[in-house]
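Worksheet for the structure shown next.
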Amino acid sequence: MPPSDHLDVSQFSSLDDAMDKVQLGDRYLEVGRRLMAVSTEFETSYTSMFWFSVLARSRALHGAIAREIRNENPTGVYPLIRAFTETVVMMIYVHDHPQYIERLTSRERDRPQGSPHRKSIQALINYASKQAPGLKDLYADLSEATHVGSVAMWVSHRIEDADEDTLKTSWSSEPHWRDEEQALVACAHTLELADVMETLLHNFAGKHLLPLAQKP
């Protein structure tokens with residue numbers, strides 16, 4: 001996955017520092033704790049169930065990404081970051097269109113005939129990109145890595161030497177980062193998505209959950 005121009009990998013003093021900073025911690029649980037500090041009485045609804053599901057999914061994906069970065073497994077990291085990106089994109093859309101949650105409660109094939117279809121991931125990305133322009137390019141890169149595209153093609157190879165006439169490479173069947181920069185970029189992407197998700201969880205709760213909990 002090529003580095004994004006807006007990413008700041010200089011925030012890390014070393015790869016070890018990056019891997020320490022990308023650890024899951026309690027950041028998502030803290031959003032839940034702050035919410036519970038305001039009110040512990042929530043109406044059980046699709047809206048509240050969606051929020052808690054996204055919180056749990058974010059913790060699971062973030063923790064798995066951090067583990068696989070440390071395991072030097074880019075082939076595992078990229079699909080996980082892609083899934084995290086899709087979760088962020090969905091949260092952006094549902095924050096503005098909470099009625100959409102109902103479409104997520106059952107499989108498309110089980111919905112009554114004539115029911116509105118779910119939006120494609122590309123449609124959701126196009127919507128989210130109005131607020132986060134870098135998402136479209138990030139998702140394209142992650143798709144190239146997740147499917148057998150150019151990123152996947154070269155991830156197990158390392159260029160040892162190259163000139164005009166020759167190209168010397170090495171290959172390994174063991175997962176590994178092609179270079180340190182690749183791992184740093186993965187850490188930076190993860191932290192950026194985590195920051196966005198933390199804000200989305202907070203804002204969604206304030207807009208859609210607290211009013212339900214506080215109504216007479």
Side-chain angles (χ1 to χ4, degrees), residues 1-9 11-12 18-19 21-22 24 27-28 50-51 53-69 71-98 100-101 103-104 107-108 116-156 175 177-179 181-204:
M1 186 167 58
S4 296
D5 293 338
H6 71 281
L7 283 178
D8 178 22
V9 296
Q11 64 185 292
F12 309 125
M19 290 191 293
K21 287 179 177 175
V22 86
L24 173 62
R27 62 188 305 159
Y28 308 109
F50 171 82
W51 188 87
S53 294
V54 170
L55 188 152
R57 180 176 175 82
S58 298
R59 293 192 73 239
L61 289 170
H62 188 146
I65 292 166
R67 181 187 66 241
E68 294 309 308
I69 288 175
N71 287 341
E72 299 188 35
N73 183 14
T75 303
V77 167
Y78 293 146
L80 289 165
I81 295 181
R82 183 187 181 197
F84 197 7
T85 303
E86 290 173 346
T87 308
V88 167
V89 165
M90 180 64 76
M91 191 62 161
I92 289 173
Y93 185 80
V94 172
H95 177 272
D96 295 343
H97 305 86
Y100 187 76
I101 296 172
R103 298 191 207 176
L104 307 177
R107 294 176 182 269
E108 286 277 73
H117 292 294
R118 293 181 192 171
K119 292 186 174 295
S120 67
I121 185 61
Q122 196 57 57
L124 293 171
I125 289 170
N126 288 341
Y127 182 88
S129 293
K130 298 173 185 177
Q131 301 180 38
L135 275 173
K136 186 174 290 188
D137 289 340
L138 170 60
Y139 193 78
D141 289 340
L142 290 167
S143 295
E144 190 75 4
T146 300
H147 303 302
V148 186
S150 60
V151 178
M153 166 75 179
W154 293 106
V155 73
S156 61
W177 293 108
R178 191 173 62 248
D179 53 45
E181 178 77 4
Q182 197 179 42
L184 291 173
V185 167
C187 289
H189 274 308
T190 303
L191 289 177
E192 185 173 61
L193 289 169
D195 288 343
V196 173
M197 179 55 81
E198 188 175 352
T199 299
L200 286 168
L201 285 166
H202 174 81
N203 292 346
F204 187 96

Any donor-acceptor N/O pair, [X] side chain to [Y] backbone, under 3.5 Å:
{"X": "Arg118", "Y": "Arg103", "value": "yes"}
{"X": "Asp179", "Y": "Glu181", "value": "yes"}
{"X": "Glu144", "Y": "Ala140", "value": "no"}
{"X": "Glu68", "Y": "Ile65", "value": "no"}

Tell me the closest heavy-atom pair linking [X] and [Y], and the distance in Å.
{"X": "Thr190", "Y": "Ala186", "value": "OG1-O, 2.8 Å"}
{"X": "Leu200", "Y": "Val88", "value": "CD1-O, 3.9 Å"}
{"X": "Ile69", "Y": "Val77", "value": "N-CG2, 3.5 Å"}
{"X": "Glu72", "Y": "Trp177", "value": "CA-NE1, 3.4 Å"}
{"X": "Leu191", "Y": "Val22", "value": "CD2-CA, 3.8 Å"}
{"X": "Tyr100", "Y": "Lys119", "value": "OH-N, 2.7 Å"}

> Just one of Met91, Glu198, Met197 clears the side-chain contact (heavy atoms from CB on, under 4.5 Å) bar with Ser58, so which one?
Replying inline: Met197
> Going by heavy atoms in the side chains, are Asp96 and Tyr127 under 4.5 Å from each other?
Replying inline: yes
For the atom pair [atom1] ([X]) and [atom2] ([Y]), what is the distance rounded to the nearest 0.5 Å?
{"X": "Leu80", "Y": "Thr75", "atom1": "CG", "atom2": "OG1", "value": "11.0 Å"}
{"X": "Leu124", "Y": "Leu135", "atom1": "CG", "atom2": "CG", "value": "11.5 Å"}
{"X": "Ser120", "Y": "Asn126", "atom1": "OG", "atom2": "CG", "value": "7.5 Å"}
{"X": "Leu55", "Y": "Thr87", "atom1": "CG", "atom2": "OG1", "value": "12.0 Å"}
{"X": "Lys136", "Y": "Lys130", "atom1": "NZ", "atom2": "NZ", "value": "9.5 Å"}
{"X": "Leu201", "Y": "Trp51", "atom1": "CG", "atom2": "CH2", "value": "6.0 Å"}

>> Can you classify the ring geometry of Phe204 versus Phe50 as parallel (below 30°), tilted (30 to 60°) or perpendicular (above 60°)?
In response: tilted
>> Could you check, using the six-membered ring where one of them is a Trp, whether His189 and Phe84 have ring centers closer than 6.0 angstrom?
In response: no
> By side-chain contact (heavy atoms from CB on, under 4.5 Å), which residues pair with Arg82, not counting sequence neighbours?
Replying inline: Glu86, Tyr139, Leu142, Ser143, Thr146, His147
>> Let's go through Thr199 and His202 carefully: what are the C-alpha distance in whole Å and the side-chain angles of both, what is the deciding distance for side-chain contact (heavy atoms from CB on, under 4.5 Å) to 0.1 Å, and is it a yes or a no?
In response: CA-CA 5 Å; Thr199 299; His202 174 81; 5.7 Å; no
> So, Tyr78 and Asp141: side-chain donor and acceptor under 3.5 Å apart, yes or no?
Replying inline: no
